[in-house]
2 protein chains.
Amino acid sequence: MNQEEYDVNKFERPSVTVDLVVFSIINDNLKILLIKRKEWPFKGKLALPGGFIKMDETLEEAAERELREETGLKNQYLEQLYTFGDVKRDPRTRVITISYLALINSENITLKAGTDAESVNWFDVKNIDNLAFDHNMIINYALERLRTKISYSNIVFGLLPELFTLTEVQKAYEIILDKELDKRNFRKKLNSLNIIEKTNLTRKDGLHRPATLYRLFNKEFELKIFK
Amino acid sequence: MNQEEYDVNKFERPSVTVDLVVFSIINDNLKILLIKRKEWPFKGKLALPGGFIKMDETLEEAAERELREETGLKNQYLEQLYTFGDVKRDPRTRVITISYLALINSENITLKAGTDAESVNWFDVKNIDNLAFDHNMIINYALERLRTKISYSNIVFGLLPELFTLTEVQKAYEIILDKELDKRNFRKKLNSLNIIEKTNLTRKDGLHRPATLYRLFNKEFELKIFK
DNA sequence: TGAATAGTGTCTTTCAGACAATATGCC
DNA sequence: GGCATATTGTCTGAAAGACACTATTCA
């Protein structure tokens, strides 16, 4: 067989989508971005934002596009999670979906529903049930990845603003891991990693001593082992 | 839109394949299974075993089928790695591939080339260059996953026979991590994990004291943290 | 009995985890 | 000066890492 003889239509082909698990911390809770579906199948049900891959974009570009369409954001932390391909996961036809994990700081973000969605909103991860497709499974997978990876990488800063206090970092860990951490041990560890630096700014936040603001040394994610 | 109006052919669809990175330890070297391609594109080049996904099989079933076709093995350690989808990665058409990592003990295995392969063989991972498609990248990804995951899981036993000596386990770590380990520390750690048990068999292996054979307590992979 | 690998224990260092008092800015 | 959060250090226990000698089988 050579190039001329090759027939691209010889095999039946599945459809391929990307689905996004977008996390953010809002009001001290871990939230996830969900849309309400406007069309069959699962019309009216909540689902992950996502959509079909275009023939001229890479998987990551597709994920970035979906994230931009829903949140207006680009250059956020974005990581491929897992590919789900059960035969009957979509009632329309065979659909294989590549899931992505995105972390954003949701301050000053305006959500806009995509074309296939009636609405987009933040939902508490503790309070999610019965989503469309196999999206509950995808969220569980994403949560596990987030909880594991936060312990050996610096991805937590994907959820924080550019300037942050040490208390905010600690709180992010506590929210995601769902357990309290010791303040002295936490700061000792964080300092030993040499990934953040003090600014000479502070955040005044009520009738008490203001907290020093810090920033990441280096915006590259995952360069430093957090372990 | 409802079920009747939905047109599965509305969107142009990519082809989807699975590709397998099959590792084994042979003669104290980490080896990988490669085929020689029989057809265009990349005719005559080495490539990972793999193939198109059938419409009625899951991704994992497709990976299991490919592994069985090349090695005759089933129920081996098999883990989804990553999905590669660059637009031009395959000259035929848009092809997205879901890569899988498989670990096998290659004793008493007979390799058989699949239909699209001229031959199948084991190749030393240190000695691999210029594969078809983006398969070098996939192998690098797989190697990194293997090296990372061996440190916090029990997947190493996927490379070993059912009965093994402690020296064999240590050697597997040394080969994969490409560094020497201290025998006493290694055994202390391995024992503390409570995942293997002594048998009353030994392996006589030359003119010296025979080694006790051990077996895994539990064949489930990844249940125990190796860390 | 010599060759070759199997098998075993102690000490040191490092890191995680428990734990509470002082510092600072604001009203 | 009182309130509220920020900031800081020591001790203990567990695990990692460095290190060398004895045991056993077979030719």
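So that the names make sense, note that chain A is the first sequence line, chain B the second, and so on, each numbered from 1. Please read all numbers here as calculations on a predicted model, not as lab measurements. All heavy atoms count here, side chains included; hydrogens, waters and symmetry mates do not.
Between atom OG1 of residue Thr212(A) and atom NZ of residue Lys198(A) there is a gap of 5.0 Å, rounded to the nearest 0.5 Å. If you take NZ on Lys31(A) and CD1 on Ile104(A), they are separated by 13.0 Å, rounding to the nearest 0.5 Å.
Around the CD atom of Glu180(A), the shell of radius 6.0 Å holds no more than 12 heavy atoms that belong to other residues, nucleotides or ligands. Atom CD of Glu144(A) has 12 or fewer neighbouring heavy atoms from other residues, nucleotides or ligands inside a 6.0 Å radius.
Here the P atom of nucleotide dA16(D) and the OH atom of Tyr152(B) are 17 Å apart, to the nearest Å. Counting to the nearest Å, the C1' atom of dA6(D) and the CG atom of Leu213(A) are 12 Å from each other. If you measure from atom CZ of Phe186(B) to atom P of dA15(D), you get 18 Å, rounded to the nearest angstrom. At whole-Å resolution of the value, CD1 in Ile196(A) and P in dT7(D) are 10 Å apart. Between Glu180(A) atom CD and dC19(C) atom C1' there is a gap of 15 Å when expressed in whole angstrom units. If you measure from atom CD of Gln170(B) to atom C1' of dT5(C), you get 12 Å, rounded to the nearest angstrom. In this structure, Tyr173(B) places its OH atom 13 Å from P of dG17(D), rounding to the nearest Å.
Annotation: ring-ring contact (aromatic ring centres under 6.0 Å, His included) contacts of Phe133(B) (sequence neighbours excluded): Phe42(B), His135(B).
Shown here for Thr115(B) and Lys38(B), the closest heavy-atom pair between the two residues is O-NZ, 2.9 Å. Across Leu181(A) and Gln170(A), no two heavy atoms sit closer than the pair O-NE2, 2.9 Å.
Out of dA23(C), dG7(C), dA16(C), the shortest distance to the side chain of Arg209(A) is found at dA23(C).
Using a 4.0 Å cut-off on heavy atoms, the residues of residues 199-208 of chain B that approach DNA chain C are Leu207(B), His208(B), listed by number.
Contact annotation: Thr167(A) does not reach the phosphate of dT5(D) (side-chain N/O to OP1 or OP2, under 4.0 Å). Within the structure, a side-chain polar atom (N or O) of Thr212(B) is placed less than 4.0 Å from OP1 or OP2 of dG7(C).
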Using a cut-off of under 3.5 Å, enumerate the N/O to N/O pairs linking the protein to nucleotides 8-12 of chain C.
from: dT10(C); atom 1: O4; to: Lys188(B); atom 2: NZ; distance (Å): 3.3

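Under the 4.0 Å criterion applied to side-chain N and carboxylate O atoms, Glu69(A) and Arg65(A) are assigned as salt-bridge partners.
Ring orientation note: the planes of Phe84(B) and Tyr141(B) are nearly perpendicular, at an angle over 60° on the 30°/60° scale.
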